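Given the structure is predicted, the values throughout are model-derived calculations rather than measurements. Below, chain A is the first sequence line, B the second, and so on; all start at residue 1. Basis for what follows: all heavy atoms, side chains included, without hydrogens, waters or symmetry-related copies.
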Amino acid sequence: MFKIPEDRTRKLEGMRERGINPYALRYPETITVGEAHALIEAGGTPEVRVAGRVMAIRHHGKSAFLKLKDSTGMIQLYFQRDRIGEDEYKAYKLLDLGDFVGVEGECGRTRTEEATIFANSYKVLTKSLLPPPEKWHGLRDVELRYRHRYVDLFANDDVTAVFRLRSKVVSEIRRYMEDDGFLEVETPMMHPIAGGATARPFITHHNTLDMELYLRIAPELYLKRLLVGGLDRVFEVNRSFRNEGISPRHNPEYTMLEAYQAYSDYYGMMELTEGLIKHAIAKALGTEIKELDYQGKKINLAGSWARKSYSDLLQEKSGISLTSSESEVRDCAKKLGIETEGIDHWKLLNEIFEDTVEASLIDPTFVIDYPVPISPLAKRKEDDPNVAERFELFIAGMEIVNAFSELNDPLDQEERFRQQVETKDEEAPAEVDMDYVMALAYGMPPAGGMGMGVDRLVMLITNSPSIRDVILFPLLRRTAGSETTPPPDGSDGDEDSCQ
RNA sequence: GGGGGCAUAGCUCAGCUGGUAGAGCAACCGCCUUUUAAGCGGUAGGCCGAAGGUUCGAAUCCUUCUGCCCCUACCA
C-alpha cells in the first residue's frame, strides 16, 4: 500500500480552512499551454487562462517561478506577491509539486526571454497527496513504471511521446485502410471455439448460458465469414489473447490489424502491407523515412521490399529443404539443440527455420510460400500442392505480418481442421468449427488476408526494445496486497462475478 | 518451465574483503521579487524486499520465499 505524507495532509487541511476546495469542480474557458506559447511567439502580451499540473516550484522570497504542464507542453508561471496579492501569495505555500492549478495572467517573457505567464490569480484545481518522482531522472524503476503507468506518463515525457506515436500509427492505419475501401468491423472477442490461429486460449464461462467461452486468439474466422456475407473488404483493429509466455516481444493480450480483401491474393496482400506500413511510418514520424534505426540495427525501408522463398532461405541457412527426409530434419534439429521428442516433421522444420533464418531478416523481407501443414488456413499453390500461398513479413528479425491467399474450399478446410484436432495439441482447437466450414460451403470469394502485429510495428517505429514499452498497461503478476484492500468482511470479494 | 541478475529514504543512487546507514532531488524551518536541475544556512526522514541461518557482530556471507529485469523454451 502507500502512505500519504503528513505535510501534504496538512496542506490539504490548510486549504479547507481557507475555504479552498482542494478538488475544484471545474475550470472552464482555458487555452492550452501550447496555445499560450503560440500567442507569446506571436509577440503579444494577452491575458490568458491556463490549467495544468505543477511540475516545479522555485521560491524567491516574495516571488516564485512555477512550471505548469498540460498535455500540450510546459510553461513557466511567475507569481509575484505584489501582483497576485498578499493573501493569495501566502496561500500558494500550500501548493506542492504534482498539484493541478488554474492560472489567469498576462503572457510575456522574462529577461532571459523565457515565455512566461505573469499570474494575476490562480485557483487550486486538485491537491496531489503523493509526491512525484525526482524531477531530473524521472521514474526509472521499470516495475514501478509499468505498475503505475500514470506516474511514468507525467514524469517521463519520452514515454508519453511513445504512446502518442502509437495512437498516430493506429489512426493512420485506419485512415489508409478506409481510403482503400476497407470497412472497419467488430467481431466477437468471446469465441465458443478458439480458432484462426494456433495458440493456447484463455478460457472463461458464461453463467446464464452455462457455456465455456474462449477469449479470441484471432478474429480471422469471423472476418472471413463477412467475406461470405458480401463485405468484400473488411478489417478489424483487434485485441487478441494468447495464454502463453511473456517476453520482450509477447504480451498475453496484444493488438493486431487483420484485413481481408475479396478477389485478391497474397501478392495483393504484400502490396497492401508494404503500402500500409510505409504510410504509417511516414505519417507517424512526419516524413518519408528511408532508414529506421532499431536498437542499433539499420533498417532500410527504401524501394520494393525483398521477397524470398521459405524454402530457399531454409536451404541457404540450414542446408535443409522441404523435401529433406524425416531423419535429415531430425538430425539438423538436434544439432541446433531443438527438442525433437514428439514434435512432428513440419513443426520441426519450421523450428529450424525460426532458429536459423529469422534473426537474419533485418531489412523488411517477405518470406513467401510456406509448407501447407503449418498453414491450415492458406490456399495451396496451383503448381505445388505441398506449398501454401502464404507469406510472413520480417523486420529487424521480428515477425510483423502473416498473410495468405485464403483457403475457401470447404472440403479441404474441413479436412485440415480435422487433422489439427487429431493432433490433440494443446494449441490446436478442440473441435472442428463446422459453422465456418458451412460458411465456406455457401461460397467465399477468392481473397487475400493479412494479420499485422501492431505492437511490434510500434516498437520498430519508436525504437522500443520491449513490447511493454508500447503497451500502456502490460500484464504483470499481481503482488500480494499491494493493489487492493480486502473487503471488510474478509471474503475474497464479489462472489457473483468470480469464477 | 530452466539459467543469470537486481531489490538500500517518497524518487535517483553510493555503501570495497562483515564493525551497526550516506549523497542529490523532493519535504520541513529560515533568507532571497527574473529563476530555470536556482542559490545559501539549518532540520527531519530507514525493520537496507520478507523469513531463516552463519557470526561476538550482517545492508554486506549462506538458504528459502516474493517481485521485477535479461537470456532460454512456447508463441506473434
Undergrad: Could you tell me whether R216(A) and E236(A) make a salt bridge, using a distance below 4.0 angstrom between a side-chain N and a carboxylate O?
TA: yes
Undergrad: Which part of the nucleic acid does E351(A) contact within heavy-atom distance under 4.0 Å: base, sugar-phosphate only, or nothing?
TA: sugar-phosphate
Undergrad: Please report the distance separating the C1' of A26(B) from the corresponding atom of G57(B), rounded so that it comes out in whole Å.
TA: 35 Å
Undergrad: Closest to the Y78(A) side chain: U33(B), C74(B), U12(B)?
TA: U33(B)
Undergrad: Side chain of D355(A), heavy atoms from C-beta onward: which of U33(B), G24(B), A73(B) has the nearest atom to it?
TA: A73(B)
Undergrad: Mind calculating the distance between NZ (K3(A)) and P (G45(B)) to the nearest angstrom?
TA: 12 Å
Undergrad: Nearest of C68(B), C11(B), U34(B) to any side-chain atom of E134(A)?
TA: C11(B)
Undergrad: Are E184(A) and R174(A) within salt-bridge range, i.e. N to O under 4.0 Å?
TA: yes
Undergrad: Looking across every strand, which nucleic acid part, if any, lies under 4.0 Å from G245(A) by heavy atom: base, sugar-phosphate, or nothing?
TA: base
Undergrad: Whole-Å distance between C25(B) P and M55(A) CE?
TA: 18 Å
Undergrad: By the 4.0 Å heavy-atom rule, please label P248(A) as base, sugar-phosphate, or nothing.
TA: sugar-phosphate
Undergrad: Whether R140(A) contacts C13(B) is assessed here as follows: a side-chain N or O lying under 4.0 Å from the phosphate OP1 or OP2. Is that the case?
TA: yes
Undergrad: Measure from CG on L139(A) to P on C13(B) and round the result to the nearest Å.
TA: 10 Å
Undergrad: Under 4.0 angstrom, heavy atoms only, what part of the nucleic acid is F118(A) near: base, sugar-phosphate, or nothing?
TA: base
Undergrad: Please determine, by modelled atom types, if Y78(A) and S63(A) share a side-chain donor-acceptor pair under 3.5 angstrom.
TA: yes
Undergrad: Could you tell me how far apart L348(A) (CG) and A73(B) (C1') are, to the nearest whole angstrom?
TA: 14 Å
Undergrad: Provide the distance between the two P atoms, one in C13(B) and one in C6(B), to the nearest whole Å.
TA: 15 Å
Undergrad: Between L475(A) and S240(A), just flag the one whose closest nucleotide in RNA chain B comes earlier from the 5' side.
TA: L475(A)
Undergrad: Specify the separation, in whole Å, of atom CD1 of I246(A) and atom C1' of U72(B).
TA: 15 Å
Undergrad: Please report the C-alpha distance between Y89(A) and F79(A) in whole Å, then the side-chain angles of each, then the deciding distance to 0.1 Å, and finally whether the ring pair (Phe, Tyr, Trp, His ring centres under 6.0 Å) criterion is met.
TA: CA-CA 8 Å; Y89(A) 191 73; F79(A) 281 20; 7.6 Å; no
Undergrad: Does a distance-only test, which skips hydrogens and angles, find a donor-acceptor pair under 3.5 Å between the side chain of Q80(A) and the base of U34(B)?
TA: no
Undergrad: Report which part of the nucleic acid E6(A) touches: base, sugar-phosphate, or nothing (heavy-atom distance under 4.0 Å, all strands).
TA: nothing
Undergrad: Is any side-chain N or O of R10(A) closer than 4.0 Å to OP1 or OP2 of C28(B)?
TA: no
Undergrad: Could you check which nucleotide pairs with C48(B) in any of the strands shown, counting Watson-Crick or G-U wobble with both distances under 3.5 Å?
TA: none
Undergrad: Determine whether a donor-acceptor pair (one donor, one acceptor, N or O, separation below 3.5 Å) exists between the side chain of R58(A) and the base of U35(B).
TA: yes
Undergrad: So, do F353(A) and Y310(A) have ring centers that fall under 6.0 Å from each other?
TA: yes
Undergrad: By the 4.0 Å heavy-atom rule, please label E143(A) as base, sugar-phosphate, or nothing.
TA: sugar-phosphate
Undergrad: Compare every heavy atom of T45(A) with every heavy atom of E106(A), then report the nearest pair and how far apart it is.
TA: CG-O, 3.3 Å
Undergrad: For R477(A) and C68(B), is the shortest distance between a side-chain N/O and OP1 or OP2 below 4.0 Å?
TA: yes
Undergrad: Measure the distance from CD on E258(A) to C1' on A76(B) and round it to the nearest whole Å.
TA: 11 Å
Undergrad: Would you mind classifying the nucleic acid contact of L130(A) as base, sugar-phosphate or nothing, using non-hydrogen atoms under 4.0 angstrom?
TA: nothing
Undergrad: Tell me whether the OP1 or OP2 atom of C68(B) has a side-chain N or O from R147(A) closer than 4.0 Å.
TA: yes
Undergrad: Which of the following nucleotides, A27(B), U34(B), A76(B), is nearest to the side chain of L97(A)?
TA: A27(B)
Undergrad: Taking the minimum atom-to-atom distance to the side chain of R81(A), which one of A73(B), A76(B), U33(B) wins?
TA: U33(B)
Undergrad: Would you mind telling me which residue lines up with the more 5' stretch of RNA chain B, Q76(A) or H59(A), judged by nearest nucleotide?
TA: Q76(A)
Undergrad: Measure NZ/K347(A) against C1'/A73(B) and give the value in whole Å, please.
TA: 12 Å
Undergrad: Rounding to the closest angstrom, what is the interatomic distance between C47(B) and C40(B) at atom C1'?
TA: 36 Å
Undergrad: Mind checking Y146(A) for me? I need base, sugar-phosphate or nothing, with any heavy atom below 4.0 Å counting as a touch.
TA: sugar-phosphate
Undergrad: Describe the nucleic acid contact of N243(A) in one word from base, sugar-phosphate, nothing, applying a heavy-atom distance below 4.0 Å.
TA: nothing
Undergrad: Of all the nucleotides listed (A76(B), U35(B), U33(B)), which has the minimum atom distance to the side chain of D82(A)?
TA: U33(B)
Undergrad: Could you check which of C28(B), A76(B), C70(B) has an atom nearest any side-chain atom of S466(A)?
TA: C70(B)
Undergrad: Sticking with atom C1', work out how far G3(B) lies from A44(B), rounded to a whole angstrom.
TA: 45 Å
Undergrad: Just to be sure I understand the rule, does N402(A) reach a base, reach only the sugar-phosphate, or reach nothing, if contact means heavy atoms closer than 4.0 Å?
TA: nothing
Undergrad: Within the structure shown, what part of the strands sits under 4.0 Å from G451(A) by heavy-atom distance: base, sugar-phosphate, or nothing?
TA: nothing
Undergrad: In this structure, how many angstroms lie between the P atom of C32(B) and the NZ atom of K62(A), rounded?
TA: 4 Å
Undergrad: Hey, which of N402(A), I173(A), L393(A) is the one that makes side-chain contact (heavy atoms from CB on, under 4.5 Å) with M452(A)?
TA: I173(A)
Undergrad: So if I take every side-chain heavy atom of E399(A) and compare against A76(B), U12(B), U35(B), which nucleotide ends up nearest?
TA: A76(B)
Undergrad: Provide the Watson-Crick or G-U wobble partner of G1(B), both distances under 3.5 Å; none if there is no partner.
TA: U72(B)
Undergrad: Rounding to an integer number of angstrom, what distance separates C16(B) and A7(B) when you compare their P atoms?
TA: 12 Å
Undergrad: What distance, rounded to whole Å, do you find between the two C1' atoms, one in U8(B) and one in U12(B)?
TA: 12 Å
Undergrad: Is a salt bridge present between K224(A) and E406(A), judged by a nitrogen-to-oxygen distance below 4.0 Å?
TA: yes
Undergrad: Is A21(B) paired to anything, Watson-Crick or G-U wobble with both distances less than 3.5 Å, and if yes, which nucleotide?
TA: none
Undergrad: Taking the C1' atom of each, how far is G39(B) from U33(B), in whole Å?
TA: 15 Å
Undergrad: Determine which nucleotide pairs with A27(B), using a 3.5 Å limit on both distances of a Watson-Crick or G-U wobble pair.
TA: U43(B)
Undergrad: Does E392(A) reach a base, just sugar-phosphate, or nothing at all? Heavy atoms under 4.0 Å.
TA: nothing
Undergrad: For C28(B), does either OP1 or OP2 sit under 4.0 Å from a side-chain N or O belonging to K11(A)?
TA: yes
Undergrad: With the threshold set at 4.0 Å, does a side-chain nitrogen-carboxylate oxygen contact exist between K379(A) and D265(A)?
TA: no
Undergrad: For a quick check of understanding: with a heavy-atom distance under 4.0 Å over all strands, which category does L144(A) fall into, base, sugar-phosphate or nothing?
TA: sugar-phosphate
Undergrad: Decide, yes or no, whether a salt bridge links K11(A) with D96(A) under the criterion of side-chain N to carboxylate O below 4.0 Å.
TA: yes
Undergrad: Which value, in whole Å, describes the distance between the P atoms of nucleotides C25(B) and U43(B)?
TA: 15 Å
